[in-house]
Amino acid sequence: MTTAGEIMHRGAQWIPAHETLDRAAQLMRELNVGALPISDENERLCGILTDRDIVVGCVALGHEPSKVTAGEMAKGTPRWIDANADIGEVLQEMEDHQIRRLPVIENKRLVGMISEADLAQHLTEDQIASWAERVYARGTNR
């Protein structure tokens with residue numbers, strides 16, 4: 001059984017909800033990622049911030065990224081998966097919620113992220129095609 005912990009990208013970092021979007025963009029650049037989990041004051045997941053969120057939800061609306069916080073951009077119910085979850089559960093969670101990035105949690109702490117690139121490295125071509133069809137066919141979320 002392949003688990004979420006085995007396929008995840010380690011080294012994921014939170015962006016605290018009180019941090020500004022310009023700091024989030026800097027952290028994304030430093031980590032070479034396009035999304036950051038957002039944490040509340042107790043280091044609990046309260047959302048995910050993407051580079052697209054910053055551009056479309058802030059810059060394109062004429063807002064100043066140094067004055068908008070990551071927490072202000074957090075919307076909806078954050079999705080996550082336990083590090084011990086089977087790959088089937090990972091795929092189901094991503095498919096059910098049409099998401100392309102999934103934080104991995106262990107003992108209530110962030111331990112990694114699973115992205116499309118991680119799936120591509122660990123699934124067969126048929127599995128990837130099936131997953132992509134179900135995630136992309138119904139709409140476009142993160």
Side-chain angles (χ1 to χ4, degrees), residues 1-124 127-142:
M1 168 179 95
T2 302
T3 66
E6 293 170 333
I7 69 165
M8 71 183 182
H9 175 81
R10 296 191 177 279
Q13 291 185 26
W14 300 107
I15 185 79
H18 68 270
E19 284 286 355
T20 59
L21 298 186
D22 60 337
R23 178 61 192 128
Q26 292 164 2
L27 187 56
M28 287 179 187
R29 183 189 63 226
E30 291 167 18
L31 298 173
N32 193 31
V33 298
L36 294 169
I38 304 169
S39 69
D40 65 14
E41 61 279 349
N42 297 314
E43 290 196 353
R44 300 289 171 93
L45 182 67
C46 65
I48 292 192
L49 178 67
T50 67
D51 47 8
R52 186 177 193 284
D53 292 334
I54 295 170
V55 172
V56 174
C58 178
V59 176
L61 296 175
H63 301 296
E64 180 60 46
S66 64
K67 295 182 180 169
V68 178
T69 66
E72 291 175 80
M73 299 298 290
K75 294 177 178 66
T77 302
R79 307 307 310 178
W80 58 274
I81 196 85
D82 187 87
N84 295 316
D86 178 81
I87 186 68
E89 294 174 73
V90 170
L91 296 174
Q92 193 66 54
E93 182 72 14
M94 293 174 89
E95 290 168 12
D96 287 351
H97 300 283
Q98 294 182 279
I99 53 177
R100 298 175 193 125
R101 298 170 182 98
L102 188 61
V104 180
I105 306 293
E106 187 172 53
N107 298 321
K108 299 182 182 179
R109 297 290 177 229
L110 177 70
V111 293
M113 287 280 281
I114 296 174
S115 68
E116 293 168 301
D118 299 312
L119 296 178
Q121 291 176 2
H122 294 90
L123 300 177
T124 67
Q127 287 174 310
I128 298 260
S130 177
W131 175 83
E133 182 179 332
R134 288 190 296 273
V135 169
Y136 290 102
R138 293 185 282 171
T140 55
N141 289 336
R142 299 174 211 217

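For the numbers below, each heavy atom of this structure counts, side chains included, while hydrogens, waters and symmetry mates do not. Note that the structure is predicted; figures quoted are calculated from it, not measured.
Considering CH2 of Trp14 and CZ of Arg44, their distance stands at 9.0 Å, rounded to 0.5 Å. Of the inter-residue distances, the one linking His122 atom NE2 with Gln127 atom CD reads 12.0 Å to the nearest 0.5 angstrom. Atom CG of residue Asp53 and atom CD1 of residue Ile48 lie 9.5 Å apart, to the nearest 0.5 angstrom. Gln92 contributes atom CD, which lies 12.0 Å from atom CE of Met94 (distance to the nearest 0.5 angstrom). Taking NZ from Lys67 and CD from Glu72, the interatomic distance works out to 12.5 Å, rounded to the nearest 0.5 Å. Rounding to the nearest 0.5 Å places CG of Leu21 at 10.5 Å from NE2 of His63.
A distance-only check finds no donor-acceptor pair linking the side chain of Glu19 to the backbone of Pro16 [under 3.5 Å]. In terms of modelled atom types and a separation under 3.5 Å, the side chain of Gln98 and the main chain of Val135 share a donor-acceptor contact. Judged by distance alone, with hydrogens and angles left aside, the side-chain atoms of Asp118 form a donor-acceptor pair with the main-chain N or O of Ser115 at under 3.5 Å.
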Show me the donor-acceptor pairs within less than 3.5 Å that the side chains of residues 25-39 make with the rest of the protein, sequence neighbours left out.
residue: Glu30; atom: OE2; partner: Arg23; partner atom: NH1; Å: 3.3

As a quick check of understanding, evaluate side chain to side chain contact (heavy atoms under 4.5 Å, CB included) for Leu110 and Val104, giving each step before the final call. CA-CA 6 Å; Leu110 177 70; Val104 180; 5.9 Å; no
Run the side chain to side chain contact (heavy atoms under 4.5 Å, CB included) check on Leu102 and Arg79 step by step: do they pass? CA-CA 7 Å; Leu102 188 61; Arg79 307 307 310 178; 4.1 Å; yes
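Annotation: side chain of Val90 is not in contact with side chain of Thr2 (no heavy-atom distance under 4.5 Å). Between Leu91 and Leu119 the shortest side-chain heavy-atom distance falls below 4.5 Å.
Contact between Thr20 and Ser66 at its shortest, heavy atoms only, is CG2-O, 3.3 Å. The nearest pair of heavy atoms linking Ala24 to Ile54 is CB-CD1, 4.3 Å. The two residues Gly112 and Met8 have their closest heavy-atom pair at CA-SD, 3.7 Å. Summarising the geometry of Leu49 relative to Ala70, their closest heavy-atom pair is CD2-CB, 4.2 Å, with the distance given to 0.1 Å. Taking every heavy atom of both residues into account, Ala60 and Val56 meet most closely at CB-O, 3.8 Å. Heavy atoms only, all atoms of each residue included: Val111 and Ala83 are closest at CG2-CB, 4.3 Å.
Heavy atoms from other residues, nucleotides or ligands lying under 6.0 Å from CZ of Arg109 number more than 12.
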